[in-house]
2 protein chains.
Amino acid sequence: MSGRVVALKAKARGRKTGGSEGGGRGKASVADIVEALRERIARQDIAPGAKLGEQELAAEFGVPRTRIREVLGILENRGLIDRIPNRGAVVSRLELEHVFHLYEVRAVLEGLCVRLATENAPPETWDEFVELFGEPMDKYVRERDFDSFIVVYERFRRRIIEWARNPVAARMLDSIYEKTNVVIRRIVILPGRAQEGLGEHRAVVAAMRAGDGEAAERAKRKNLYNAKETLRRFQKYVI
Amino acid sequence: MSGRVVALKAKARGRKTGGSEGGGRGKASVADIVEALRERIARQDIAPGAKLGEQELAAEFGVPRTRIREVLGILENRGLIDRIPNRGAVVSRLELEHVFHLYEVRAVLEGLCVRLATENAPPETWDEFVELFGEPMDKYVRERDFDSFIVVYERFRRRIIEWARNPVAARMLDSIYEKTNVVIRRIVILPGRAQEGLGEHRAVVAAMRAGDGEAAERAKRKNLYNAKETLRRFQKYVI
DNA sequence: GTTAACAATATTGTTGACACTACTGGCCAG
DNA sequence: CTGGCCAGTAGTGTCAACAATATTGTTAAC
């Protein structure tokens with residue numbers, strides 16, 4: 001049916017200075033390959049359900065198959081791929097139910113981070129975002145410039161996690177993002193969602209600027225709860 | 001300095017019906033070995049900082065070294081061991097700061113699960129625990145029978161996660177428990193903590209029985225927040 | 001007696017070869 | 001023509017030998 005979507009570039013067979021993947025000099029390490037594949041899966045360069053052949057990947061990255069095997073092991077227990085014994089590995093399809101579960105967890109974890117960040121960072125930290133979530137973001141919404149919208153959104157998210165100073169939460173949120181990245185981009189284009197989300201974020205930022213961590217947490221939770229409900233309402237158009 | 005604490009039993013070198021570890025028939029699979037080691041680390045049968053030799057483990061479980069290698073890889077990105085290139089693997093020491101981070105995350109995740117469980121389960125589900133957290137637990141506390149105390153505690157926890165019906169949260173909480181198991185047992189014996197925790201849990205159970213998910217969530221959070229504060233106060237005696 | 005260089009050993013890291021399983025296509029019987 | 005059986009093939013799973021690196025032990029010079 002649907003053909004592979006794997007990029008066939010490079011083929012990097014050479015050894016010295018050969019591996020262009022991951023930016024490392026020398027040949028591609030396990031971490032490099034994991035990162036490369038994680039990115040492809042997150043951006044859906046490889047479609048969900050598509051097969052990941054070990055030999056194929058080994059040839060592309062110019063590494064022995066054993067190393068690919070290790071990579072697939074890591075990707076598997078991160079939940080990004082499914083492996084069936086003697087059958088190979090395929091990119092996980094994310095069930096709608098699973099996405100809801102992810103959103104419930106994401107809500108409380110981001111709520112936590114927002115609260116911690118409010119407590120840890122000097123209030124002026126958030127001035128930048130009070131500004132951005134004002135006129136500029138309004139403009140993006142009006143002009144349907146969702147890419148710029150998401151860039152700011154991501155920047156805010158990263159800043160929060162940075163100031164939350166909790167590596168455990170950061171790690172868990174990362175593992176959620178790498179699975180829901182795609183969904184986020186689809187939710188934001190749903191009718192009225194960007195506008196609504198912007199309003200919710202203004203509440204979050206205002207509370208943070210005011211130093212009220214608890215209020216910020218509640219606002220952030222509500223934001224993600226609403227996002228989930230929008231998703232539920234329009235699920236037919238998303239999945 | 002401190003010698004190894006590794007159990008030297010079995011040495012199971014035989015192949016057929018040899019691997020007694022993990023309960024599986026035939027030789028030990030990767031999952032079996034991971035589970036066996038996870039358990040040992042959680043129960044501190046292997047001391048933090050102790051070295052895990054590949055050949056040693058391979059000999060003990062009667063499997064090729066490659067398989068042990070895979071196991072160590074899994075344990076590493078679960079955060080249970082640290083691996084230094086060409087030096088080997090050692091059991092992670094858990095820093096006090098890290099434990100606080102884990103508790104912050106655990107608080108919001110268990111809070112979530114308590115709320116979800118209250119929404120999903122029929123109220124009668126919790127009658128059993130209303131009962132248990134009454135007189136029986138009081139008795140355990142009075143008699144310093146912390147083992148029984150923890151058994152009930154664990155049972156309650158499992159029931160909550162079961163009814164929360166959120167595999168994502170369940171998985172994340174598991175990864176927290178396997179690291180903090182030891183700490184839990186040390187907190188509960190701190191002066192007054194068991195009594196205090198019991199009171200907090202009665203509030204949780206009461207709210208759940210009454211079907212008030214939000215109140216139950218708040219109560220559960222408060223419970224873990226207090227546990228964390230107790231830990232902070234007595235940190236010298238715990239770590 | 002202490003320290004530095006060197007050799008020996010033990011342990012981790014890497015790889016290609018071999019074994020096994022599941023799919024593909026052809027063949028034959030009904 | 002259809003359905004099941006069988007062999008061939010492609011791909012995954014397993015392993016044991018080889019290479020690289022760190023640690024330990026030894027010797028000799030200061």
Side-chain angles (χ1 to χ4, degrees), chain A residues 1-4 6 8 12-16 18-19 21-22 24-34 37 46 49-77 80-92, chain B residues 1-4 6 8 12-16 18-19 21-22 24-34 37 46 49-77 80-92:
Chain A
M1 297 292 189
S2 70
R4 302 276 172 59
V6 240
L8 291 177
R13 104 178 50 73
R15 336 207 87 212
K16 46 190 169 190
E21 288 291 344
R25 62 216 181 275
K27 30 186 181 178
S29 76
V30 171
D32 294 335
I33 304 176
V34 167
L37 290 182
I46 319 179
K51 184 176 177 182
L52 293 170
E54 295 184 359
Q55 307 189 120
E56 199 174 349
L57 292 170
E60 179 188 343
F61 287 97
V63 298
R65 202 161 59 84
T66 315
R67 197 170 295 180
I68 296 295
R69 207 134 222 295
E70 192 177 345
V71 169
L72 293 182
I74 293 173
L75 259 36
E76 181 186 20
N77 70 38
L80 284 142
I81 65 174
D82 295 322
R83 278 175 108 181
I84 307 160
N86 291 316
R87 291 275 309 265
V90 297
V91 179
S92 298
Chain B
M1 296 289 190
S2 71
R4 302 277 172 60
V6 239
L8 290 177
R13 102 180 52 72
R15 336 208 88 214
K16 45 191 170 188
E21 289 292 342
R25 63 219 181 273
K27 28 186 181 178
S29 77
V30 170
D32 293 336
I33 303 175
V34 167
L37 291 182
I46 319 178
K51 184 175 178 182
L52 293 170
E54 296 185 359
Q55 310 191 121
E56 199 173 349
L57 292 171
E60 178 187 344
F61 288 97
V63 298
R65 204 161 56 85
T66 315
R67 198 170 295 181
I68 297 294
R69 208 134 222 295
E70 192 177 343
V71 168
L72 293 182
I74 293 173
L75 259 35
E76 181 187 21
N77 70 36
L80 278 99
I81 65 173
D82 296 322
R83 278 174 108 181
I84 308 160
N86 291 317
R87 291 277 309 266
V90 297
V91 179
S92 298

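Order of the sequence lines fixes the chain letters, A, B, ..., with proteins taken first and strands second; residue numbering starts at 1 for each chain. Predicted, not measured: the structure shown is a model, and the values here were computed from it. All heavy atoms count here, side chains included; hydrogens, waters and symmetry mates do not.
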Round to a whole Å and report the spacing from [atom1] of [X] to [atom2] of [N].
X       : N      : atom1 : atom2 : value
A:Glu54 : C:dT15 : CD    : P     : 15 Å
B:Glu70 : D:dA16 : CD    : C1'   : 16 Å
B:Ile68 : D:dT14 : CD1   : C1'   : 14 Å
B:Ile84 : D:dT21 : CD1   : C1'   : 14 Å
B:Glu56 : C:dT12 : CD    : C1'   : 14 Å

Results of side-chain contact (heavy atoms from CB on, under 4.5 Å) for [X] - residues two or more places apart only:
X       : value
B:Arg83 : B:Glu54, B:Arg69, B:Leu72, B:Glu76, B:Ile81, B:Ala89
A:Val90 : A:Lys51, A:Asp82
B:Ser29 : B:Ala31, B:Asp32
B:Asn86 : none

Sub-4.5 Å side-chain heavy-atom contact between A:Val34 and A:Leu75: yes
When we call it a touch if two heavy atoms are under 4.0 Å apart, what does B:Gln55 touch: a base, just sugar-phosphate, or nothing? base
Base, sugar-phosphate, or nothing: which does B:Arg65 touch, judged by heavy atoms less than 4.0 Å apart? base
Test side-chain contact (heavy atoms from CB on, under 4.5 Å) on A:Leu57 and A:Ile33 and set out the steps. CA-CA 9 Å; A:Leu57 292 170; A:Ile33 304 176; over 6 Å; no
Closest of D:dC15, D:dT12, C:dT15 to the A:Arg67 side chain is C:dT15
Using a cut-off of 4.0 Å between protein heavy atoms and nucleotide atoms, how would you tag nucleotides 19-24 of chain C 5' to 3' with B, S and -? --SSS-
